[in-house]
**Q** 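Could you have a look at this structure, given as structure tokens, before my questions?
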Amino acid sequence: MGSGQWSVEKRSSLRSDSFSKDIDDVPETGCLSIIVLGASGDLAKKKTFPALFNLYRQGFLPAEEVHIFGYARTKISDEELRNRIRGFLVDNKAASSKYSDDVLKFLELIKYVSGSYDTEDGFRKLDKEISEHEISKNSHEGSSRRLFYLALPPSVYPSVCKMIRNCCMNKSDLGGWTRIVVEKPFGRDLESAEKLSTQIGELFDEPQIYRIDHYLGKELVQNLVDIYFMALSFSFSKYPISSHFYSFIQLVLRFANRFFLPLWNRDNIHNVQIVFREDFGTDGRGGYFDEYGYACCWYFLPVFCLVAMEKPVSLKPEHIRDEKVKVLQSVLPITDEEVVLGQYEGYRDDPTVPDHSNTPTFATMVLRIHNERWEGVPFILKAGKALNSRKAEIRVQFKDVPGDIFKCKKQGRNEFVIRLQPSEAMYMKLTVKQPGLDMSTVQSELDLSYRQRYQGVVIPEAYERLILDTIRGDQQHFVRRDELKAAWEIFTPMLHRIDDGEFKPIPYQPGSRGPVEADELLEKAGYVQTHGYIWIPPTL
């Protein structure tokens, strides 16, 4: 293998290569049925089916192994469902013509079944269709695999899970399995989350439940884990690197790159920001948003855990998730002085939003971790709708350099920034000498912009990665029940005060930065903004 070249191989099957499985290590020999519940809805149309198509196109869902079923209340035919999703499978017109044959072949794998979410008739019919497919593929009873993706509102999760359990389960004694994927939000406070967990937990074992948070599938979030372990993942390749070579990459990079290890603590880091900004409002989904809102935590906490967690004993999913729970359990109660809530003007004009809604569309808060690594370091969490920009990033700001002999403190601190969207990148803000004869300094960066560095390399969408993880039985990027409970224990007291009207959001103008009080909170927490410096994504 020449220098700078990577050896890759295309996998021909979906056999699980997970670190852990929900049953014994029995070879998986049966066919795979993927059932999208809520198939006629927006989430399925815009996210789930396109992700499945991309996995199919890249060879991860072979036609000889896989069949896809759509299920919803809408009374439409197979062809009508295919026509509904056809235009969403490929991003642009140029690619559409390139992949037209793949689109046609993929759509042929999809069959639609109509039925209710709370009665058995439709699910019995669905089970019959799945069984007929399994028989046609010569799968032995108990060896087939069934993946149920609930692209549905959480209010119907209990009834749907009950119907799946009663009517559509696969026997698992011959290597087969049944798994369910549920989307956030997982409740709206601790009580509702625990109730939902109990209802689903009475029907399925924890290893069968995949609580999906699509930000955990983002390529740069994946690198958070890898940076922390000093093993940058090359899983964004068009085809996966062979498993032995992948392990070799991780082993070498982990022990060859240790500069983060001594820096990642309270001695060197002043504050951490995790930001999710959107430049649009609720866009006609105000009623749904008003019921669940940001739930204040799910935009933040999975990423927060990856930033703050200790190194696990191994890369096994349960070891990683154990460390995430430990971080959540170390978070101190949130104080009123370190929270700013906002609601953009015009939010209540949405006819689906109550006239006197107290639901925040903006939140900035400070979390503090009571442990040896992070004592005294503020973690500033920010999320908002209808703001002046769209951005998701993690910003780690380091402490000032003691003994500032270059008088450059006012230019800003060193920062390590992971930009999740748009323009995925990682860059380190540094102070450097400005070119010229004078001894003057300027802020610059060491930059890894993915689209520039990895031209022609396919960076997968988050949903593609997470669906593939579900098929493989790898739960490290999914939320475990005790993690869910620990998260809600942090936020529920504040959420109840919002619901009771004790905590009022501050109005702010759409297209602004949000409430001025939020910037004041950042300054109070010790964040120092760099004036005069703007990161510009490199051009190709």
Side-chain angles (χ1 to χ4, degrees), residues 42-43 45-47 50 88 91-92 183-185 213-221 273-304 339-353 357 359-365 380-395 415 417-427 449-451 459 461-463 505-522 527 529-531 533-539:
D42 271 1
L43 175 60
K45 179 173 63 177
K46 296 177 181 179
K47 294 295 183 181
F88 294 88
D91 285 340
N92 56 64
E183 284 263 0
K184 67 175 189 300
D213 185 309
H214 71 278
Y215 267 103
L216 284 181
K218 292 281 187 182
E219 192 65 42
L220 272 291
V221 174
Q273 276 195 72
I274 301 173
V275 180
F276 293 92
R277 299 168 59 91
E278 296 173 319
D279 56 4
F280 54 88
T282 54
D283 290 349
R285 301 181 73 244
Y288 179 85
F289 183 85
D290 201 75
E291 182 178 359
Y292 292 101
Y294 283 116
C296 280
C297 60
W298 288 114
Y299 276 65
F300 302 126
L301 285 191
V303 177
F304 164 77
V339 178
V340 173
L341 303 178
Q343 185 186 90
Y344 69 83
E345 295 178 3
Y347 169 70
R348 298 179 193 174
D349 295 341
D350 187 322
T352 63
V353 174
S357 171
T359 299
T361 60
F362 176 97
T364 295
M365 66 190 71
I380 305 164
L381 313 182
K382 298 170 60 179
K385 285 186 169 292
L387 298 175
N388 60 346
S389 64
R390 171 178 172 263
K391 180 170 67 175
E393 69 179 20
I394 300 120
R395 184 175 295 268
E415 291 182 347
V417 182
I418 301 176
R419 174 68 67 91
L420 306 178
Q421 66 178 26
S423 305
E424 298 95 332
M426 291 185 286
Y427 60 94
S449 292
Y450 269 44
R451 298 294 177 184
I459 298 178
E461 289 295 327
Y463 280 96
I506 302 166
Y508 64 94
Q509 284 289 329
S512 69
R513 285 177 51 84
V516 175
E517 290 84 347
D519 290 330
E520 295 171 353
L521 175 58
L522 259 66
Y527 172 70
Q529 187 172 358
T530 303
H531 296 285
Y533 170 87
I534 299 175
W535 176 71
I536 301 174
T539 55

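One is the number of the first residue; the rest follow in order along the sequence.
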**Q** Side chains of K385 and F280: closer than 4.5 Å at any heavy-atom pair?
**A**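 They are in contact (side-chain heavy atoms under 4.5 Å apart), so the answer is yes.
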
**Q** State, to 0.1 Å, how close V353 and S357 come at their nearest heavy-atom pair, and which atoms those are.
**A**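 Closest heavy-atom pair between V353 and S357: CG1-CB, 3.7 Å.
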
**Q** Identify the two heavy atoms, one from T361 and one from Y508, that lie closest to each other, and give their separation to 0.1 Å.
**A**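 That closest heavy-atom pairing would be OG1-OH, 2.9 Å.
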
**Q** At what distance, to the nearest 0.5 angstrom, does CZ of R348 lie from CG of D350?
**A**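 If I round to the nearest 0.5 Å, the distance is 12.5 Å.
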
**Q** Which atom pair, heavy atoms only, marks the closest approach of P515 to G342?
**A**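 Looks like CG-CA, 4.0 Å.
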
**Q** Could you give the distance from CD1 (I506) to CZ (F362), rounded to the nearest 0.5 Å?
**A**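 Reported to 0.5 Å precision, the distance equals 9.0 Å.
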
**Q** With T364 as reference, evaluate I380, L381, V339 under the side-chain contact (heavy atoms from CB on, under 4.5 Å) test and give the passing residue.
**A**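 Exactly one candidate clears the test, I380.
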
**Q** By side-chain hydrogen bond (donor to acceptor under 3.5 Å, both in side chains), which residues pair with Y527, not counting sequence neighbours?
**A**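 Y527 satisfies side-chain hydrogen bond (donor to acceptor under 3.5 Å, both in side chains) with no other residue.
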
**Q** Quiz question: by atom type and distance under 3.5 Å, do the side chains of S389 and R277 form a donor-acceptor pair?
**A**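 Judged by distance alone, the side chains do pair up.
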
**Q** Please identify each residue that fulfils salt bridge (Lys or Arg N to Asp or Glu O under 4.0 Å) with R513, with sequence neighbours left out.
**A**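 R513 satisfies salt bridge (Lys or Arg N to Asp or Glu O under 4.0 Å) with D519 once adjacent residues are dropped.
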
**Q** In chain order, what residues pass the side chain to side chain contact (heavy atoms under 4.5 Å, CB included) check against P510, with sequence neighbours excluded?
**A**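 Result, side chain to side chain contact (heavy atoms under 4.5 Å, CB included) vs P510: Y344, E345, A386.
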
**Q** Grab the two heavy atoms, one from Q509 and one from S512, that are nearest each other, plus how far apart they are.
**A**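 Taking Q509 first and S512 second, the nearest heavy atoms are O-OG, 2.6 Å.
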
**Q** Could you pull out all residues at least two apart from K45 that satisfy salt bridge (Lys or Arg N to Asp or Glu O under 4.0 Å)?
**A**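 By the salt bridge (Lys or Arg N to Asp or Glu O under 4.0 Å) rule, K45 matches D42.
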
**Q** Taking only residues two or more places apart in sequence, or in another chain, which ones meet D279 in a side-chain hydrogen bond (donor to acceptor under 3.5 Å, both in side chains)?
**A**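 So D279 forms no side-chain hydrogen bond (donor to acceptor under 3.5 Å, both in side chains) with any residue.
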
**Q** So, for P505 and P360, which heavy atoms are closest and what is the spacing to 0.1 Å?
**A**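 That closest heavy-atom pairing would be CB-CA, 4.4 Å.
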
**Q** Quick one: list whatever passes salt bridge (Lys or Arg N to Asp or Glu O under 4.0 Å) with R395, sequence neighbours left out.
**A**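 Testing R395 for salt bridge (Lys or Arg N to Asp or Glu O under 4.0 Å), a comparison that skips the adjacent residues, returns E393, E415.
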
